There are 2 protein chains.
Amino acid sequence: MIDEQQVAITDSEWELMRAVWTLKRVSSRQLITIMEEERQWADSTTKTLLRRLIKKGAITPVGDARPYDYVPAVQEQASMDAAAVRLFDQMCAMRAGSAVAAVINSRELSQADIAQLQQILQEKAKTAPQMVACNCLPAGMGENCMSEGDDVDGQR
Amino acid sequence: MIDEQQVAITDSEWELMRAVWTLKRVSSRQLITIMEEERQWADSTTKTLLRRLIKKGAITPVGDARPYDYVPAVQEQASMDAAAVRLFDQMCAMRAGSAVAAVINSRELSQADIAQLQQILQEKAKTAPQMVACNCLPAGMGENCMSEGDDVDGQR
DNA sequence: CCAATTAGTTTACAACTGTAAACTTAAAAA
DNA sequence: TTTTTAAGTTTACAGTTGTAAACTAATTGG
């Protein structure tokens, strides 16, 4: 199913999801153990989060007998991509490039990742504009968030 | 001041911030007008968000007479970078590369942005590992979220 | 100087989040 | 088959977020 994109996953839910994605099929017991060891969550906490994720359709219980197992109902990569794109969508378009740079700098990437990114960039360069317009204000109020000094107020 | 990084800005606050960052110094009146036109917010809504942002130190009121003006107390680029890095920090390290690719693909980047990214990647390639380890489970429970099929459960 | 008008401050309130206890089955052990 | 234990379901509860009304204190227009 591809209805996933809209499932909003919160910070703590994200933690649980990662375990489910990684194990592909887990019992609540395993999840409780993992989250206890990893975040010191009380078992009830894991149970609650598991329940919420099931309700919002991010996890599906499988099996017919009592100790059910749980499997992800949304893909990890797709969820990550959506979350990342969404974040960038709410920030100034003009500064996205630098933000991406910050992310890359903060992270370890494999040779393959780098190659893929270089590939994409090279392709993108062919049609890239000289400059990306700032989209921080409603049309008409044409201002640009990068004009001049990035001042940060008084106390300096 | 550089204590900024930790100021957590919520989704709607982000909208207001963008206007403040762009205008550099605004009156509440201008903000109210902008947010009304851009998000159909009631004036009280803008007032509340402005107040909350002041309280959490993201905006500073300036002036001594009554109609104060407001200026950002944290830098836009730094805030964006922090938000983006934070998001990636909570997702699987092994899949960050693809997520970055998704962001790049979803976005318009300027020639300069692309050049900068290529520069960074080239540098990073020199010491990049063959593979980035999955960090989704607590140490010891060594599993890797990318082993085999990215199945998405039943209903297909 | 008094009345309108604004700008700024409090209060409101439901939904969502993080965190967890309590309760109710169903399964396993005795 | 009775008791224990583990799995699943409800309820709880404070703090945050989105949204906004109400109230108070300055400003400004007469």
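So you know, we letter chains A, B, ... as the sequences are listed, proteins then strands, and number each from 1. Because the structure is a prediction, the values reported are computed rather than measured.
Salt-bridge formation is not detected for the pair A:Glu13/A:Arg52: no Lys NZ or Arg NE/NH1/NH2 atom is positioned less than 4.0 Å from an Asp or Glu carboxylate oxygen. Using a 4.0 Å cut-off between a side-chain N of Lys or Arg and a carboxylate O of Asp or Glu, B:Lys124 and A:Asp113 do not qualify as a salt bridge.
Atom NZ of B:Lys47 and atom P of D:dC23 are 14 Å apart (whole Å). The interatomic distance linking A:Met17 (CE) with C:dT17 (C1') rounds to 17 Å, in whole Å. One can place CD of B:Gln40 at 11 Å from P of D:dT19, the figure rounded to the nearest angstrom. The nearest whole Å value for the distance from the CG atom in A:Leu31 to the P atom in D:dG8 is 10 Å. Put simply, CG on A:Leu53 is 14 Å from P on C:dT19, counting in whole angstrom units. If you measure from atom CD of B:Glu13 to atom P of D:dT16, you get 11 Å, rounded to the nearest angstrom. One interatomic measurement links the two molecules: CZ of A:Arg39 to P of C:dT17, which rounds to 16 Å at whole-angstrom precision. To the nearest angstrom, P of C:dT6 lies 11 Å from CD1 of B:Ile32.
For C:dT17, neither phosphate oxygen OP1 nor OP2 lies less than 4.0 angstrom from any side-chain nitrogen or oxygen of A:Ser12. Dashed line: the shortest gap from a side-chain N or O of A:Thr48 to OP1 or OP2 of C:dA20 is not under 4.0 Å. OP1 or OP2 of C:dG8 sits under 4.0 Å from a side-chain N or O of B:Tyr70. For C:dA7, one of the phosphate oxygens OP1 or OP2 lies less than 4.0 angstrom from a side-chain nitrogen or oxygen of B:Arg29. B:Thr45 has no side-chain polar atom (N or O) that falls below the 4.0 Å cut-off from OP1 or OP2 of D:dG18. Checking the phosphate oxygens (OP1, OP2) of D:dA7, no side-chain nitrogen or oxygen of A:Ser28 falls inside 4.0 Å.
Below the 3.5 angstrom threshold, one finds a donor paired with an acceptor across the side chain of B:Arg66 and the base of C:dA7.
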Item checked: Candidate pair B:Ile34 and B:Leu23, rule side chain to side chain contact (heavy atoms under 4.5 Å, CB included), full reasoning -> CA-CA 11 Å; B:Ile34 293 174; B:Leu23 297 174; 3.5 Å; yes
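In summary, the side chains of A:Glu36 and A:Thr33 do not present any donor paired with an acceptor at a separation below 3.5 Å, with no hydrogens or angles considered. Looking at A:Asp43 and A:Thr46, their side chains never bring a donor and an acceptor atom within 3.5 Å of each other.
Counting only heavy atoms from C-beta on, B:Arg52 has its side chain closest to D:dT19 among D:dT19, C:dT17, C:dT19. You'll find that the side chain of A:Tyr68 is closest to D:dG8, out of C:dT19, D:dG8, D:dT17. Taking every side-chain heavy atom of A:Asp11 into account, C:dG18 is the closest of C:dG18, D:dA20, D:dG8. Taking only side-chain atoms of B:Thr10, from C-beta outward, the nucleotide of D:dT17, D:dT19, D:dA25 with the closest atom is D:dT17. Side-chain proximity of B:Ala42 to the nucleotides D:dG8, C:dA20, D:dA21 is greatest for D:dA21.
Across the interface with DNA chain C, nearest-nucleotide mapping of A:Pro67 and A:Trp41 shows A:Trp41 to be the residue nearer the 5′ end.
No donor-acceptor pair closer than 3.5 Å links the side chain of A:Arg18 to the backbone N or O of A:Glu76.
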